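Take a look at the structure set out below.
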Amino acid sequence: MSGDPMEVIKAADPEFFDLLEATRGSAFAEGGIPLKYKLLMAMALDAANGAVDGVKVLAMQAMQEGATKEEVMEAVKIAQYIFGVGSVYTAANALGDIL
């Protein structure tokens, strides 16, 4: 993934982009669930949806927030349990350079 793919949206519709950023900010704001776990949840959802780039970026962000490789893999296991083995293949493609 080169550059921020959201730049296209930002250039085409800055107001919509601002709305998306506000929603993202709200979802990842400090609160009851620590940020590393929010990022791991998002990573598992991206794995379930086949978003390799999303899994990679979110796993790196989660690890920057203190998540361990074991926690990343536990999130992958949960995605597999709920959504199936496709989640594991997506995660494997994303995590090869990270784990």
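Since we're looking at a predicted model, the values are computed, not measured.
With sequence neighbours left out, the side chain to side chain contact (heavy atoms under 4.5 Å, CB included) criterion links Glu7 to Asp4, Lys10. Under the side chain to side chain contact (heavy atoms under 4.5 Å, CB included) criterion, Leu20 pairs with Met6, Ile9, Phe16, not counting sequence neighbours. A search for salt bridge (charged side-chain N to carboxylate O under 4.0 Å, His left out) contacts involving Glu21 returns Arg24, not counting sequence neighbours. By the side-chain hydrogen bond (donor to acceptor under 3.5 Å, both in side chains) test, Lys36 pairs with Glu71, sequence neighbours left out. Not counting sequence neighbours, the partners of Ile33 by the side chain to side chain contact (heavy atoms under 4.5 Å, CB included) test are Tyr37, Lys38, Met41.
Residues Lys56 and Leu95 have side chains not in contact (no heavy-atom distance under 4.5 Å, counting atoms from C-beta outward). Counting heavy atoms from C-beta outward, Phe83 and Asn49 have side chains that stay 4.5 Å or more apart.
Note: the hydrophobic cluster containing Met60 also contains Val55 (ILVMFWY, side chain heavy atoms under 4.5 Å, direct or indirect links). With hydrophobic clusters built from ILVMFWY side chains whose heavy atoms lie under 4.5 angstrom apart, Phe28 does not share a cluster with Leu45. Cluster annotation: Met43 and Ile82 are assigned to distinct hydrophobic clusters (Ile/Leu/Val/Met/Phe/Trp/Tyr, side-chain heavy-atom contacts under 4.5 Å, transitive). In the hydrophobic cluster analysis, where Ile, Leu, Val, Met, Phe, Trp and Tyr join through side-chain heavy atoms closer than 4.5 angstrom, Ile78 is grouped apart from Val72. Placement of Val52 and Ile98 in two distinct hydrophobic clusters is found when ILVMFWY residues are connected by side-chain heavy-atom separations under 4.5 Å, directly or transitively.
Within the model, atoms CG of Leu40 and CE of Met63 stand 9.5 Å from one another, a figure rounded to the nearest 0.5 Å.
The side chain to side chain donor-acceptor pair (under 3.5 Å) contacts involving residues 74-97 comprise nothing, where partners must be two or more places apart or lie in separate chains.
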